[in-house]
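Scroll down for the structure; my scribbles are underneath it.
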Number of protein chains: 4
Amino acid sequence: MTSAPPPTHRTGGGRTGRPRSADADRAILAATREALVELGWSKLTMGDVAARAGVAKTTLYRRWAGKSELVVDAVAALFDEHLELPDRGSLGADVEGVVLQFAALLERPETKTALMAVVAESTRDDALRDRIRSAIVDRQKTLVLVGRERAQARGELPAEPDASAAARNADLIFDVIAGAVVHRTLVSAEPVDAEWARAFTALLVGGLTAAAAGYTDPAA
Amino acid sequence: MTSAPPPTHRTGGGRTGRPRSADADRAILAATREALVELGWSKLTMGDVAARAGVAKTTLYRRWAGKSELVVDAVAALFDEHLELPDRGSLGADVEGVVLQFAALLERPETKTALMAVVAESTRDDALRDRIRSAIVDRQKTLVLVGRERAQARGELPAEPDASAAARNADLIFDVIAGAVVHRTLVSAEPVDAEWARAFTALLVGGLTAAAAGYTDPAA
Amino acid sequence: MTSAPPPTHRTGGGRTGRPRSADADRAILAATREALVELGWSKLTMGDVAARAGVAKTTLYRRWAGKSELVVDAVAALFDEHLELPDRGSLGADVEGVVLQFAALLERPETKTALMAVVAESTRDDALRDRIRSAIVDRQKTLVLVGRERAQARGELPAEPDASAAARNADLIFDVIAGAVVHRTLVSAEPVDAEWARAFTALLVGGLTAAAAGYTDPAA
Amino acid sequence: MTSAPPPTHRTGGGRTGRPRSADADRAILAATREALVELGWSKLTMGDVAARAGVAKTTLYRRWAGKSELVVDAVAALFDEHLELPDRGSLGADVEGVVLQFAALLERPETKTALMAVVAESTRDDALRDRIRSAIVDRQKTLVLVGRERAQARGELPAEPDASAAARNADLIFDVIAGAVVHRTLVSAEPVDAEWARAFTALLVGGLTAAAAGYTDPAA
DNA sequence: ATCTAACCGAGACGGTACGTCTCGTCTTGCG
DNA sequence: CGCAAGACGAGACGTACCGTCTCGGTTAGAT
């Protein structure tokens with residue numbers, strides 16, 4: 001992923017008056033990431049971010065409704081910057097690569113402390129959930145789509161029967177990959193090293209291949 | 001799981017004086033869950049919990065170091081109460097059952113709002129991480145061990161080569177199951193219905209079976 | 001009093017560029033009075049006045065240094081408009097008349113809330129004190145001078161011995177009349193009705209007459 | 001006047017819990033007076049007072065509703081401390097004495113900046129008006145009653161015809177004295193020196209004596 | 001039958017951050 | 001160049017919780 005994250009847009013359609021400073025946006029998001037590293041989510045305050053950015057608190061509140069929204073935008077940029085899917089020649093190698101990339105991203109103190117916090121917050125705030133989805137989740141889901149296309153082109157995976165099944169499967173694979181890496185890193189608090197990545201990939205690719213071979217629960 | 005969660009233990013070895021009220025413990029944890037349902041994690045306050053429990057703030061702080069510790073204990077009880085592994089006759093059926101149980105638990109507002117919040121908090125607090133691990137994670141990991149034993153007894157899965165590999169595999173399976181369900185529920189914010197549980201189980205059991213059949217990345 | 005209050009004068013001698021709008025001055029002062037009525041002194045803000053007047057905040061600050069200066073000019077106009085000294089035939093009647101006029105002016109919400117506020121402000125701001133003096137105090141002091149001249153012409157009061165004593169006495173009478181009415185209205189918060197005006201006038205005119213008769217403290 | 005001003009009283013009749021610190025009350029009122037001297041009314045902030053008093057902002061707000069209430073209590077103490085009515089042997093001498101005392105009090109920066117400000121504020125706040133009345137105005141009104149009794153005992157003034165007239169006259173005299181001194185000091189911004197005090201006293205005592213002699217407006 | 005240590009409720013305490021408001025200044029682009 | 005619009009840095013507002021600290025009073029085991 002490379003394109004810039006959606007910064008913030010003026011709500012009203014006004015055209016007069018002094019325009020908002022684009023420098024301020026950049027300084028605020030950088031200050032937010034810096035503060036996340038030093039303080040973590042729960043000790044990060046809007047006032048502190050404003051001070052680090054050399055900006056008044058009002059300027060923050062004019063652009064973001066609160067800490068959660070600000071942090072989502074601040075970390076979304078990191079996802080765009082650090083996740084990509086270089087072609088490594090096989091489905092397994094591609095999966096291993098993205099797993100290690102994602103794990104490295106989650107080892108960063110900014111993401112580690114922020115990601116679950118905003119997700120937790122989003123369980124009570126629909127607008128925040130949508131923001132997370134559009135700024136982070138949906139953008140990274142394309143990694144799965146690209147990876148699957150490549151595997152299909154290589155003949156490692158069969159074509160999807162229809163568009164609906166294709167979308168369902170992509171969502172499932174995304175949840176399995178992202179969920180396993182997040183859980184290993186943040187809940188189990190164990191490192192995602194090369195060995196784990198290999199074992200996880202074996203499990204996942206095995207499952208995808210078996211499914212292609214027509215698995216059904218023998219007890220069903 | 002059925003046994004009660006470890007409530008709180010007096011730190012000092014004192015033996016004289018008025019003993020702590022056990023009623024208070026129960027009232028506080030119940031009040032905490034109630035407040036989580038009504039307010040969510042971020043709006044829950046110690047003072048509010050104390051008031052609901054009919055207890056002074058001092059009494060809370062005498063037993064728990066803070067909101068995170070209190071909430072971990074309050075939700076840990078729910079995990080013990082609502083997760084079990086009845087024998088459904090096949091590995092796939094057992095997995096599907098536990099996935100649906102876990103999803104139902106995560107749909108409850110108390111767990112939904114609290115779980116990721118305390119995990120986020122734990123990224124900066126080692127004591128909290130240990131508390132989560134011992135009160136929740138490790139206790140539920142036995143579900144995987146029991147399920148695998150049954151599958152091995154049924155002949156669905158081979159025996160593990162050695163104890164170390166057995167532990168690594170159990171951890172991996174646990175992270176994959178728990179991670180996928182959590183991610184689907186809280187991050188993707190989509191329901192874990194019977195269809196999803198079936199598709200996920202097919203993927204997982206397929207992977208386990210393929211691995212048993214000796215999968216290795218063909219590109220490796 | 002009838003002539004307009006001194007609005008504002010351009011400081012710099014600039015002559016080029018777009019001239020200032022005289023409409024704006026009127027609209028701003030009217031908006032200020034309106035806001036004083038609705039909000040009172042302490043809740044009145046420059047931004048609110050600007051919005052009411054349909055004017056940019058910049059325009060206000062270009063003409064007045066702050067809230068105090070603006071309000072002084074806004075209420076000074078009311079003093080000029082509502083205080084006059086019609087000849088009622090006797091010193092007592094003239095005093096009673098002006099007392100009731102002044103009381104009526106102080107009952108208006110604009111003056112009631114603003115007058116003491118700007119006076120309080122002026123205790124720490126010499127420029128503001130001068131502005132109050134020239135825009136309000138000195139202008140109304142002529143009422144005393146005119147009244148005394150009439151009374152002297154009628155023979156109710158003797159001529160002043162010299163100019164210095166004349167000025168001192170006029171100041172004293174002004175402070176007594178204005179002070180008593182203000183204190184009754186704003187501090188004691190009791191109405192200045194016809195009865196009070198009569199009693200006050202009796203006291204004042206009695207004192208002036210006694211002084212003319214050569215009062216000295218018998219104990220001195 | 002000597003007795004202490006009414007500090008603050010707990011609203012609820014509760015008897016449990018940690019009692020309020022009396023030291024804090026004293027420190028806060030002293031800090032308020034100090035801040036008034038240094039900063040004046042409009043630049044005085046609750047946060048600054050709290051910091052000077054070595055007290056949290058919440059402690060201020062627990063006891064006083066706002067800046068106005070706090071300042072009324074802080075300056076009321078000065079009135080009690082600095083105004084008294086020693087017997088100087090004649091009505092005129094007593095009046096001159098209290099006029100000079102009051103003027104000295106009004107020359108203090110705390111009172112000068114605060115008194116008119118809270119009066120201005122009280123025009124929009126009935127509770128504040130009552131507080132000013134009970135903490136300051138009514139307490140000092142006894143000076144007039146005592147002075148009149150003495151003058152009557154000396155035979156300088158006749159007895160009042162009835163209680164209602166006595167109260168009306170006392171109020172009138174109080175408004176005339178206090179109003180004249182306040183207006184001279186704060187509005188005209190001229191000093192109340194011995195000469196002015198003598199001239200004012202002559203006017204007032206002359207009026208009181210003339211009234212006793214049966215003045216009526218000749219034009220009425 | 002006391003003693004006595006630790007408990008309990010209530011609520012004040014010094015702090016910190018909140019999110020909002022107003023201040024007075026500084027860009028913008030239009031006329 | 002004046003003007004309306006509105007963003008800007010600054011900082012006070014009054015509120016909410018934090019976690020700690022008195023208070024007076026209760027409770028139960030050890031003496």
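Owing to the predicted nature of the structure, the values given are computational and were not obtained by experimental measurement. The chains referred to below are lettered A, B, ... by the order of the sequence lines, with proteins before strands, and numbering in each begins at 1.
Scored by the side-chain hydrogen bond (donor to acceptor under 3.5 Å, both in side chains) test, D:R129 finds D:D126 as partners (sequence neighbours excluded). D:E69 pairs by the salt bridge (charged side-chain N to carboxylate O under 4.0 Å, His left out) definition with nothing, not counting sequence neighbours. Partners of C:L70 under the side-chain contact (heavy atoms from CB on, under 4.5 Å) rule, at least two apart in sequence or in another chain, are C:I28, C:L29, C:T32, C:M46, C:V49, C:L60, C:W64. With sequence neighbours left out, D:K67 forms a salt bridge (charged side-chain N to carboxylate O under 4.0 Å, His left out) with no residue at all. With sequence neighbours excluded, no residue forms a side-chain hydrogen bond (donor to acceptor under 3.5 Å, both in side chains) with A:T59. Under the side-chain contact (heavy atoms from CB on, under 4.5 Å) criterion, C:T123 pairs with D:K112, D:T113, D:L186, sequence neighbours left out. Scored by the salt bridge (charged side-chain N to carboxylate O under 4.0 Å, His left out) test, A:R52 finds A:E34, A:E38, A:D48 as partners (sequence neighbours excluded). Remark: B:D130 engages no residue in a salt bridge (charged side-chain N to carboxylate O under 4.0 Å, His left out) (not counting sequence neighbours).
The interatomic distance linking B:D25 (CG) with E:dC8 (C1') rounds to 14 Å, in whole Å. Rounded to whole Å, the distance from CG on A:L60 to P on E:dA17 is 15 Å. In this structure, A:R52 places its CZ atom 17 Å from P of F:dG9, rounding to the nearest Å. In this structure, D:L70 places its CG atom 15 Å from C1' of F:dC13, rounding to the nearest Å. Atom CD of D:E69 and atom C1' of F:dG14 are 13 Å apart (whole Å). Following rounding to the nearest Å, A:W64 (CH2) and E:dC18 (P) show an atom-to-atom distance of 15 Å.
Checking E:dT28, E:dA10, E:dC8 against every side-chain atom of A:P19, the shortest atom distance belongs to E:dT28.
With rounding to the nearest 0.5 angstrom, the CZ atom of A:R20 is 7.0 Å from the CZ atom of A:R62. Distance CG/A:D73 to CG/A:D25: 9.0 Å, rounded to 0.5 Å.
Between C:A53 and A:S21, the residue anchored closer to the 5' end of DNA chain F is C:A53, taking for each the nucleotide with the nearest heavy atom.
Contacts between residues 110-125 of chain D and DNA chain E, defined by a heavy-atom separation under 4.0 Å, are absent.
Taking only side-chain nitrogens and oxygens, D:T59 comes nearer than 4.0 Å to OP1 or OP2 of E:dG14.
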Give me the distances for all protein-to-nucleotides 24-26 of chain F N/O pairs that come in under 3.5 Å?
from	atom 1	to	atom 2	distance (Å)
F:dT26	O2	B:R18	NH1	2.9

Between the protein and nucleotides 15-19 of chain F, are there any N/O to N/O pairs under 3.5 Å, and if so, what are the atom names and distances?
from	atom 1	to	atom 2	distance (Å)
F:dC18	OP1	B:M46	N	3.2
F:dC18	OP2	B:M46	N	3.1
F:dC18	OP2	B:G47	N	3.4
F:dG19	OP2	B:Y61	OH	2.5
F:dG19	N7	B:K57	NZ	3.2
F:dG19	O6	B:K57	NZ	2.9

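Here the closest heavy-atom approach between residue D:L128 and residue D:S122 is recorded as CD2-N, 3.7 Å.
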